[in-house]
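To keep things clear, I will list the structure first and then write my remarks on it.
If you read the sequence from its start, that first residue is 1, and numbering goes on from there.
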Amino acid sequence: MAVLTLTPLTRQRWQNFKANRRGLISLWIFMCIFVITLFAEVISNDKPLLISYEGHLYFPVFQMYPETTFHGDFDTETNYRDPFFKNQLKKKKGWALWPLFSYHHTTVNLELPSPAPSTPTFENPLGTDDQGRDVLARFIYGFRITILFGLTLTLISSIISILAGSVQGYFGGKVDLLFQRFMEVWSGIPPLYLLMILSSLVRPNFWWLLGFLLLFSWMGLVGLVRAEFLRARNFDYVRAARALGVSTPVIMYRHILPNAMVATLTYIPFILSSSLTTLTALDFLGFGLPPGSPSLGEMLGQAKNNLQAPWLGVVAFFGVAATLCLLTFIGEAVRDAFDPRKTNR
C-alpha cells in the first residue's frame, strides 16, 4: 500500500501555512461551505429524496416521474408540493423523505404571508425575492455555481498563462518580442463593451461566458512566469541539461517550471477572487448567466431593485463580502507558506 510522503520543504511550507491561523480557519470554513453546496440538490430541493408508494421506491431527485406514476391525470412531472400528491401518499400509506430544506432555487412559494418580496419567516428563514423564490435556496445554489465558475476560469486561465509565459521566457528574442506586442494590443480591447455587443446577438450561458472571459483573463500570470523563465534559462543546471541533450520540453517542465510555480501559486487565490468578482459584476449588470440563474450577482441585483426589502441587501452583501474575505485570507496564508523568509516558530 502506497504511503504519501512529504519532502522536508513541503512539510515546512505546510507548517508555515498552518502558522497563519486566520488563513487556516478561512480554508476550513470555505471548504466546508463549498462541499456542502456541492450537494445542493440533496440539501435544498422541492422534490423528496426518497418516496415509498404502493411497495415501490422512487428517487425524484435523480429521476423524473410523471404524475401518472402516482395515479394522477397528467404525463408532466409530478409537483411534489401539490396537495394532490400529499393526499395520494397519505391514502396509499406511503411516505416521503424530504431534504433538510424543501425549496429549490426555482420554487415559488404561493402561500406567502405578505406580497413578495416577503420578510424572513420560519418557512423562509432569509425571506423571498420579488418573484416569491426562497433566498436561502438561491444562495446555496448561487454560491455553488459562482465558485465552480471561478475555479474553472482560474484553473484554465492559469494553465494558459503558464504555457504562454514559459514559451516567452525560455525562447526570448523575437518570440518574446512578438508575444509582448500581441498582449499589449489584446489587453487594449474593452471586454465589457464587447460582451454587451455579443449579448445582443447570443444568449450567454455558463460555458459561453466562461469561454469569453478566458479570452481576456489568461494574461494574469504571463508576466510573472515569463520573468522566472528569463531568469532561470541561463542558470548552470539548465545549461548543463541542454549540453547533455535533454529535450527542450523536459528542461522547461522539470528544471525551470517548479521554480516558477513557487511564485505563481501564491497568486492563485487572488486570481480566484478576481474571477468571482468579475462574474458577480456581470450578473449584477445583467450580462452574466441567463436570467433566472442563481448567483451572488443576481442576488445583488435583487437587492438593488427592492430597496424596501433590506434583508435581500444584507444577505447579498455579507455573502459576497464573506466569500472574498475568506479567499483573501487563504491567499495570504499561501503567500506565507511559499515565502522563503518565513520560518515556523
Side-chain angles (χ1 to χ4, degrees), residues 105 129 131 138-139 141-169 171 174-227 264 267-305 313 316-317 319-321 323-324 327-328 331:
H105 70 85
D129 61 11
Q131 298 182 38
R138 293 189 65 78
F139 177 80
Y141 284 87
F143 184 87
R144 180 180 66 176
I145 194 172
T146 302
I147 297 299
L148 287 177
F149 184 92
L151 287 173
T152 306
L153 180 61
T154 300
L155 177 63
I156 299 178
S157 62
S158 297
I159 292 175
I160 298 175
S161 289
I162 293 171
L163 290 175
S166 61
V167 171
Q168 279 188 261
F171 292 102
K174 292 183 178 179
V175 173
D176 184 28
L177 181 64
L178 292 175
F179 219 115
Q180 284 294 101
R181 300 293 81 77
F182 168 76
M183 288 181 58
E184 290 173 1
V185 174
W186 193 252
S187 61
I189 300 176
L192 181 58
Y193 293 153
L194 184 60
L195 180 62
M196 293 171 63
I197 296 172
L198 293 178
S199 296
S200 62
L201 303 175
V202 181
R203 183 182 181 184
N205 55 44
F206 183 95
W207 298 108
W208 186 93
L209 191 60
L210 178 66
F212 176 84
L213 292 179
L214 275 175
L215 295 176
F216 301 95
S217 63
W218 62 269
M219 295 180 285
L221 293 173
V222 172
L224 180 62
V225 177
R226 170 180 172 269
T264 301
Y267 283 88
I268 296 297
F270 302 104
I271 295 176
L272 176 57
S273 298
S274 177
S275 300
L276 299 183
T277 304
T278 301
L279 178 63
T280 301
L282 291 177
D283 284 335
F284 176 77
L285 296 174
F287 298 107
L289 297 174
S293 300
S295 72
L296 300 181
E298 191 270 345
M299 294 180 66
L300 287 173
Q302 284 275 349
K304 177 184 73 71
N305 296 330
F317 171 77
V320 175
T323 302
L324 296 180
L327 291 175
T328 301

Revision key, fill the gap. Salt bridge (charged side-chain N to carboxylate O under 4.0 Å, His left out) pairs touching residues 194-216, sequence neighbours excluded, are none
Is there a side-chain contact between [X] and [Y] in this structure, where contact means two heavy atoms from C-beta onward sitting under 4.5 Å apart?
| X | Y | value |
| --- | --- | --- |
| L282 | L213 | yes |
| R226 | M183 | no |
| F179 | V222 | no |
| L195 | L209 | yes |
| E298 | L289 | no |

Distance-minimising heavy-atom pair for [X] and [Y]:
| X | Y | answer |
| --- | --- | --- |
| P290 | P204 | CG-O, 3.1 Å |
| S217 | L153 | OG-CD1, 3.4 Å |
| F139 | G319 | CE1-CA, 3.8 Å |

Taking atom [atom1] of [X] and atom [atom2] of [Y], what is their separation to the nearest 0.5 Å?
| X | Y | atom1 | atom2 | answer |
| --- | --- | --- | --- | --- |
| Q168 | L163 | CD | CG | 11.5 Å |
| I189 | L215 | CD1 | CG | 9.0 Å |
| I271 | L151 | CD1 | CG | 12.5 Å |
| T277 | L327 | OG1 | CG | 9.0 Å |
| D283 | T146 | CG | OG1 | 6.5 Å |
| L272 | T328 | CG | OG1 | 10.0 Å |

Practice item. Please check if the side chain of S274 supplies one atom and the backbone of F270 the other of a donor-acceptor pair under 3.5 Å. Key: no
For [X], ring-ring contact (aromatic ring centres under 6.0 Å, His included) partners two or more places apart:
| X | answer |
| --- | --- |
| F216 | W186, F212 |
| F171 | none |
| F284 | none |

Point to revise | Derivation of the side-chain contact (heavy atoms from CB on, under 4.5 Å) call for L300 and L296 | key: CA-CA 6 Å; L300 287 173; L296 300 181; 5.9 Å; no
**Study point:** Working for side-chain contact (heavy atoms from CB on, under 4.5 Å), residues I268 and L221
**Key:** CA-CA 9 Å; I268 296 297; L221 293 173; 4.1 Å; yes
Practice item. List in chain and number order the residues that pass side chain to side chain donor-acceptor pair (under 3.5 Å) with S275, two or more places apart in sequence or in another chain; answer none if no residue qualifies. Key: T154
Exercise for review: List for me each residue that meets side chain to side chain donor-acceptor pair (under 3.5 Å) alongside Q131, sequence neighbours excluded, and say none if there are none.
Suggested key: none
Exercise for review: Could you please spell out the steps behind the side-chain contact (heavy atoms from CB on, under 4.5 Å) verdict for S295 and L279?
Suggested key: CA-CA 9 Å; S295 72; L279 178 63; 5.6 Å; no
Check your understanding: T323 and I147: side-chain contact (heavy atoms from CB on, under 4.5 Å), yes or no, with the steps?
Key -> CA-CA 9 Å; T323 302; I147 297 299; 4.0 Å; yes
**Study point:** CZ/F182: more than 12 non-hydrogen atoms of other groups inside 6.0 Å
**Key:** yes
